[in-house]
Amino acid sequence: MSYTTNNITKRKFDVVIVGAGGSGMRASLQLARAGLNVAVLSKVFPTRSHTVAAQGGIGASLGNMSEDNWHYHFYDTVKGSDWLGDQDAIEFMCREAPKVVYDLEHMGMPFDRNPDGTIYQRPFGGHTANYGEKPVQRACAAADRTGHAMLHTLYQQNVKAKTSFFVEWMALDLIRDADGDVVGVTALEMETGDLHILEAKTTLLATGGAGRIFAASTNAFINTGDGLGMAARAGIPLEDMEFWQFHPTGVAGAGVLLTEGCRGEGAILLNSNGERFMERYAPTLKDLAPRDFVSRSMDQEIKEGRGCGPNKDYVLLKLDHLGAETIHKRLPSVYEIGVNFANVDITKEPIPVVPTIHYQMGGVPTNINGQVVTQQGSDGNMVHNAVVNGLYAVGECSCVSVHGANRLGTNSLLDLLVFGRAAGNHIVEFASRTKSHKPLPADAADQTLERLNRLENTANGEYAQDVANDMRNSMQKHASVFRTQALMDAGVKEIAVIRERVKSLALKDKSKVFNTARIEALEVENLIECAEATMVSAAARKECRGAHTVVDYERPADDPVSPMGRDDANWMKHSLWYSEGNRLSYKPVQLKPLTVESVPPKVRTF
């Protein structure tokens, strides 16, 4: 049975939000409270969104445990980003941080408490007092289930505000009119297999990351980069996709995440000689150096033969010295993960860990208000941040660039809250001035119909998961913790071949009701956009910066031209990858904050 324009239903909303994780629900809460008619689409029940898996905390300079202020947080985030973060956006986020945490507290989020009743805070990687002097307690935590507590709190508030949730719906494509404005989305209702057009004055992408482009990932199976795929197909560039964070402590062999909160509470990393090796690489912050730094140090230990286990392919995370009481109080989920995924009792013995892909620093380019921005004009008079009317993006799928080339732990939950709220406020203001919907273009659903019918009518193409697995293995091989130019160049060619295979996916089962094979095939079409964006952007960036470490360009810290391999003269700029023509463009990094002095680039040591 083919999909046709005759069997599409249309519905109208003020705002359509794609994704019901932390950022989508923080935005929808602002909108529903303002009385707007909001539809939130989610592939899974809202409290199953991947934000639920966040463990460690929300970064905010409350100063509950030791002296702290947003200036220190701002400095740490700029330095953590390896000077690729936009300093205006970073200042905005760090200044807003205490406000959004207190918002959650007033909504009833069950934070851990200090004896005096204030919110408990723990140290986290890369967060310091007095501009890098010593570690500081900045992560506001609910044990090691902070994302879980936050997502449930936001869901309850949305239910109270009467937000409309469309559960088990998958958005497929953005609808753009002749002016280039976004006027809604096409979406598939999984339960029936029916196609719908959801018209909206404003569309907000909050679809999370695309970590499933890699074979070993801490990401849920739903993290298939849907918002990125939708944006790329609609002609919008993807920014800084070469930067992927490897979380230092994934359970070896399982990929399940052990929060950085373990090291915040005092856990240490050991090699096969029983050495606390981080003291060599980061003498000041040790195990609490930023994630890209710790991941590379671990990889180095393994490469040089000091890994543990029969194959010497992991290191150990030691927690038993913290005491069983602290572990059960502050890290209860980590204890359970140890038992279930590593067969280890962490109160008695160390747990094997390896760096595992965790977070994308890049995404759909946006400004501080969450509005999606793109380039307009020619080289001579290029406008870099031209707003795409009607389209917003927040959370991991967006790139305001507060994270630059490497994100600090706890800044992801903060990013969700700050920019979810900011986008919500901006949309409310826009809605008050906009009385009517723009008319739908005649070809509103054509792109989606073509995609769906190609799957329906291809008789003997490949199975989606076979192609997806080849893509994941290729990405793992060519774009891992340490990259070489030759590996990345080979990866570009390999992913281009896999992209051609994606064009001829086939379904054995053509039924409509809850056909997960169809959903998976549509997801693979999003994943390949993210994979190609990553591979092409990475191969083009001829330097080391943050999470992008290329062996060919590594230099010592005292190199006069590019210390640690970072080449500011040529590469302090954001990559923009366009799906159409598989081409790259660039835009400058915003080095000027909103109100304070700029933090000038220097060598990153810890």
Side-chain angles (χ1 to χ4, degrees), residues 23 58-63 67-101 124-133 136 138 239-240 243 290 292 361-363 365-373 383-387 392-395 398-423 425-426 545-546 566 568-569 571-576 586-606:
S23 63
I58 306 165
S61 54
L62 306 184
E67 195 210 336
D68 197 9
N69 64 56
W70 72 261
H71 297 269
Y72 301 161
H73 190 184
F74 167 72
Y75 170 84
D76 291 338
T77 303
V78 173
K79 184 180 174 184
S81 80
D82 217 349
W83 277 273
L84 196 75
D86 291 325
Q87 295 192 21
D88 56 344
I90 293 173
E91 180 187 331
F92 179 73
M93 180 177 80
C94 297
R95 286 176 66 172
E96 291 284 303
K99 190 187 298 178
V100 295
V101 168
F124 239 75
H127 290 278
T128 68
N130 206 16
Y131 309 106
E133 196 177 282
V136 72
R138 193 178 285 146
E239 182 177 340
D240 292 341
F243 297 104
D292 59 330
M361 270 71 78
T366 68
N367 61 24
I368 288 179
N369 300 317
Q371 294 171 287
V372 172
V373 293
V383 177
H384 286 298
N385 291 316
V387 169
Y392 290 71
V394 288
S398 73
C399 184
V400 204
S401 213
V402 281
H403 307 308
N406 168 66
R407 170 174 77 74
L408 292 188
T410 75
N411 273 356
S412 62
L413 290 185
L414 179 59
D415 170 11
L416 304 182
L417 294 166
V418 168
F419 294 103
R421 182 174 176 275
N425 288 337
H426 201 263
R545 186 183 293 268
R566 190 182 80 206
D568 286 341
W571 284 103
M572 194 189 273
K573 56 189 180 183
H574 297 295
S575 313
L576 293 169
Y586 293 93
K587 70 175 182 182
V589 174
Q590 173 58 273
L591 293 173
K592 193 174 176 314
L594 298 171
T595 64
V596 290
E597 293 290 301
S598 176
V599 179
K602 62 174 194 180
V603 186
R604 259 172 106 224
T605 54
F606 300 96

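Bear in mind that the values here come from a model prediction, so they are computed numbers and not experimental data. Residue indices begin at 1 and follow the sequence shown.
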Side-chain touch Val387/Val372, heavy atoms, less than 4.5 angstrom: no

For the side chain to side chain contact (heavy atoms under 4.5 Å, CB included) test, which of Asn385, Asp240, Val373, Val400 pairs with Pro365? Val373

Could you state the interatomic distance from CD1 (Ile368) to CD (Glu96), rounded to the nearest 0.5 Å? 10.0 Å

Criterion salt bridge (Lys or Arg N to Asp or Glu O under 4.0 Å) on Arg138 and Asp76, from CA distance to verdict: CA-CA 11 Å; Arg138 193 178 285 146; Asp76 291 338; 2.9 Å; yes

side-chain hydrogen bond (donor to acceptor under 3.5 Å, both in side chains) partners for Ser598, two or more places apart: Gln87

Heavy-atom side-chain contact between Val596 and Pro593 under 4.5 Å: yes

Pairs satisfying salt bridge (Lys or Arg N to Asp or Glu O under 4.0 Å), at least one member in residues 82-94, at least two apart: Asp82-Arg566, Asp82-Arg604, Glu91-Arg95

Counting C-beta onward and ignoring hydrogens, is there a side-chain heavy-atom pair between Met572 and Leu591 closer than 4.5 Å? yes

CG on Leu416 to OG on Ser23, rounded to 0.5 Å: 5.0 Å

Phe419 versus Asn369: any side-chain heavy-atom pair under 4.5 Å? no

Please lay out, stage by stage, how Arg407 and Asp415 fare under the test salt bridge (Lys or Arg N to Asp or Glu O under 4.0 Å). CA-CA 10 Å; Arg407 170 174 77 74; Asp415 170 11; over 6 Å; no

Run Tyr72 and Val136 through side-chain contact (heavy atoms from CB on, under 4.5 Å) and show every step you take. CA-CA 10 Å; Tyr72 301 161; Val136 72; over 6 Å; no

Cation-aromatic face contact Lys79/Phe606, 6.0 Å, 45 degrees: yes

Does any non-hydrogen side-chain atom of Ser401 lie less than 4.5 Å from one of His574? yes

Using side-chain hydrogen bond (donor to acceptor under 3.5 Å, both in side chains) as the criterion, list what pairs up with Asn69, not counting sequence neighbours. none

Give, for atom OG1 of Thr366 and atom CD of Glu239, the distance between the pair rounded to the nearest 0.5 Å. 8.0 Å

Please enumerate all residues that pass ring-ring contact (aromatic ring centres under 6.0 Å, His included) together with His426, with sequence neighbours excluded. Tyr392

Closest non-hydrogen atoms of His73 and Gly59, given as atom of the first, atom of the second and distance, are CE1-O, 3.6 Å

Is Asn367 reaching over with its side chain to a backbone N or O of Gln371, donor-acceptor style, under 3.5 angstrom? yes

Could you check whether any side-chain N or O of Ser81 sits under 3.5 Å from a backbone N or O of Gly404, counting only pairs where one atom can act as donor and the other as acceptor? no

Do Ile90 and His403 make a side-chain contact, defined as non-hydrogen atoms from C-beta onward lying under 4.5 Å apart? no

First locate atom CG of Leu408, then atom NE2 of His127, and finally report the distance between them rounded to the nearest 0.5 Å. 4.5 Å

With side chains defined as the heavy atoms from C-beta onward, is the minimum distance between Ile58 and Thr410 less than 4.5 Å? no

For Tyr586, the side chain to side chain contact (heavy atoms under 4.5 Å, CB included) test, sequence neighbours excluded, returns Ala540, Trp571, Lys573, Ser575, Leu584

Leu84 CG to Arg545 CZ distance, which is reported to the nearest 0.5 Å: 5.5 Å

Test of understanding: with ring-ring contact (aromatic ring centres under 6.0 Å, His included), list the residues that count as partners of Trp83, not counting sequence neighbours. none

Between Cys399 and Gly362, what is the shortest heavy-atom contact and its length? CB-C, 3.9 Å

Within-4.5 Å side-chain heavy-atom neighbours: Phe243 and Asn406: no

In this structure, CG of Leu594 is separated from CZ of Phe74 (nearest 0.5 Å) by 8.5 Å

